[in-house]
Amino acid sequence: MTDPRTELSEFLRSRRARLSPDDVGLPRYGRTRRVPGLRREELAQLAGVSVAYYTRLEQGNGRNVSAEVIDSIARALRLNEAEHTYLRNLTNCPYGGKKKAARSQVRPALQHLLDSVGVPAYVGGRRADVLAWNPMAAALFGDWGQLQPRERNWARFIFLQPSYQHLFLNWESKAADIVGFLRMDAACYPDDPELTALIGELSVKSELFRQLWAKHDVKEKNFGVKYLKHPLVGELTLQYESLRMPAEPDLFFTTYYAEPGSPSAEALQLLASWGTDATSAGTSVRSQA
């Protein structure tokens, strides 16, 4: 179980430490600073709250904090949109709670939608789990149907499976995205035992994960570009879109697509013709390289 009080305290400290008086237009007074970043009283001044109030908040007491105060502190800390959302979630997540951390189920209609999409697409859930996908996604990323449900997880793919480190040309960027997603998830579901176990496993098995987790960075990347090198069709430049399902906010519908007429679009068509056989064919090509 993650401790929300500790998460709130460490996040605020880490964001305060990255700011200097020069960053926020405050004069420097007194002796040389012993620690990096703004002092608590300086941050409280910028946020328009008392030093005692901010100190309690930074000590992890995030109960009964108004949205206005959170917004003021976010502005004072120069938080980006994802960090601002994370701070709100640590104090009052709009869709989280202590409900049982069961693995989400995908409605049949959503699976039908996946199957009708002509590009790689999948439904992801809490903990970066992969819950459902179409044949194009299997051709691009691997035949997830051969894995146990617990192993169908992007964090395990990226940090524990060497083949994914070869697949993503910007692998470390993808790794940072996954860690940021897990941190956002932990803010809303601190009592999720599966999430706690996943973070523990990755911390033991991956040095990079430990380094990224210690930074307290958060991300909500709902669209962008990924560069891949598939063992069968070579390099791909793909756009992606990830949409939270309004009626089921734990679920994300993610698609990857290429610019029409581009070499990447032609490569996706070739993968579509191979289907799930692209996974075994790609593995064979890689083993012979």
| request: Kindly indicate whether the side chain of Val123, heavy atoms from C-beta on, has any atom under 4.5 Å from the side chain of Met245. | output: no

| Looking only at heavy atoms, which two atoms of His230 and Leu167 are closest? And how far apart? | CA-CD1, 4.1 Å

| task | For the residue pair Thr255 and Pro120, establish whether any side-chain heavy-atom pair is separated by less than 4.5 Å. | result | no

| said: Has Asn134 got a side-chain atom pairing as donor or acceptor with Leu114's backbone, closer than 3.5 angstrom? | reply: yes

| field | CG on Asn153 to CD on Gln161, rounded to 0.5 Å | value | 11.0 Å

| Val51 reachable from Leu46 in the ILVMFWY side-chain graph, under 4.5 Å edges | no

| message | Measuring only between side-chain heavy atoms, which start at C-beta, is Leu12 closer than 4.5 Å to Leu87? | response | yes

| query | Can you tell me how far the OG1 atom of Thr91 sits from the CD1 atom of Ile70, to the nearest 0.5 Å? | reply | 4.0 Å

| same_hphob_cluster(Leu243, Val106) at 4.5 Å side-chain heavy-atom cutoff | no

| Pairs in or reaching into residues 72-85: which pass side chain to side chain donor-acceptor pair (under 3.5 Å), with residues at least two apart or in two chains? | Arg15-Glu83, Arg18-Glu83, Asp71-His84, Ser72-Arg75, His84-Arg88, Thr85-Arg88

| Listed once per pair and sorted, the side chain to side chain donor-acceptor pair (under 3.5 Å) pairs that draw on residues 197-209, sequence neighbours left out | Arg150-Glu201, Arg156-Glu201, Glu201-Lys205, Glu207-Arg210, Glu207-Gln211

| message | Once rounded to the nearest 0.5 Å, what's the spacing between atom CG of Asp177 and atom NZ of Lys219? | response | 4.5 Å

| Has the side chain of Asp185 got a donor or acceptor atom that lies under 3.5 Å from a matching backbone atom of Ala128? | no

| query | Would you find a donor on one side and an acceptor on the other, under 3.5 Å apart, between the side chain of Arg183 and the backbone of Asp217? | reply | no

| request: For Gly145 and Arg152, work out which heavy atoms get closest and say how close. | output: O-NH2, 3.9 Å

| field | Nearest non-hydrogen partners of Leu182 and Phe209, listed with the distance | value | CD1-CE1, 4.0 Å

| message | Going by salt bridge (charged side-chain N to carboxylate O under 4.0 Å, His left out), name the residues that satisfy it together with Arg107, two or more places apart in sequence or in a different chain. | response | Glu248

| said: Please tell me whether Phe141 and Phe157 form a close aromatic pair, meaning their ring centres lie under 6.0 Å apart. | reply: no

| remark: In terms of heavy-atom contacts, Leu43 and Arg16 come closest through CB-CD, 4.1 Å

| note | Interatomic distance, CD@Glu241 vs CZ@Phe253, rounded to 0.5 Å, equals 12.0 Å

| request: Answer yes or no: is there a side-chain heavy-atom contact under 4.5 Å between Trp213 and Leu202? | output: no

| Expected output: side-chain Ser264 to main-chain Leu238 donor-acceptor under 3.5 Å | no

| field | Residue of the set Trp154, Tyr256, Trp133 for which side chain to side chain donor-acceptor pair (under 3.5 Å) holds with Tyr122 | value | Trp154

| task | Run the numbers on Tyr189 and Glu194 for side-chain hydrogen bond (donor to acceptor under 3.5 Å, both in side chains), then give the verdict. | result | CA-CA 10 Å; Tyr189 302 103; Glu194 289 192 44; over 6 Å; no

| note | When rounded to the nearest 0.5 Å, the distance separating OH of Tyr86 from CE of Met184 is 8.0 Å

| message | With clusters defined by side-chain heavy atoms of hydrophobic residues (ILVMFWY) lying less than 4.5 Å apart, directly or transitively, does Ile158 cluster with Tyr227? | response | no

| message | Has Asn61 got a side-chain atom pairing as donor or acceptor with Arg56's backbone, closer than 3.5 angstrom? | response | no

| query | Quick one: salt bridge (charged side-chain N to carboxylate O under 4.0 Å, His left out) partners of Glu151, sequence neighbours excluded? | reply | none

| query | Got a sec: does the OH of Tyr53 have more than 12 other heavy atoms crowding it under 6.0 Å? | reply | yes

| query | Is Phe181 reachable from Phe223 through a run of hydrophobic residues whose side-chain heavy atoms are each under 4.5 Å from the next? | reply | no

| In the single-linkage hydrophobic clustering (I, L, V, M, F, W, Y; side-chain heavy atoms under 4.5 Å), do Leu198 and Leu147 co-cluster? | yes

| message | I'd like to check Val225 versus Asn170 (side-chain heavy atoms, cut-off strictly below 4.5 Å). Are they in contact? | response | no

| field | Partner set under salt bridge (charged side-chain N to carboxylate O under 4.0 Å, His left out) for Arg13, not counting sequence neighbours | value | none

| Which heavy-atom pair separates Ala265 from Gly261 by the least distance, and what is that distance? | CB-N, 4.0 Å

| Does some side-chain heavy atom of Ser173 sit less than 4.5 Å from a side-chain heavy atom of Lys226? | yes

| Spacing of Leu268 atom CG and Leu140 atom CG [to the nearest 0.5 Å] | 6.5 Å

| Can you name the salt bridge (charged side-chain N to carboxylate O under 4.0 Å, His left out) partners of Arg40, sequence neighbours left out? | Glu58

| remark: Taking every heavy atom of Ser242 against every heavy atom of Thr254, the minimum-distance pair comes out as OG-OG1, 2.9 Å

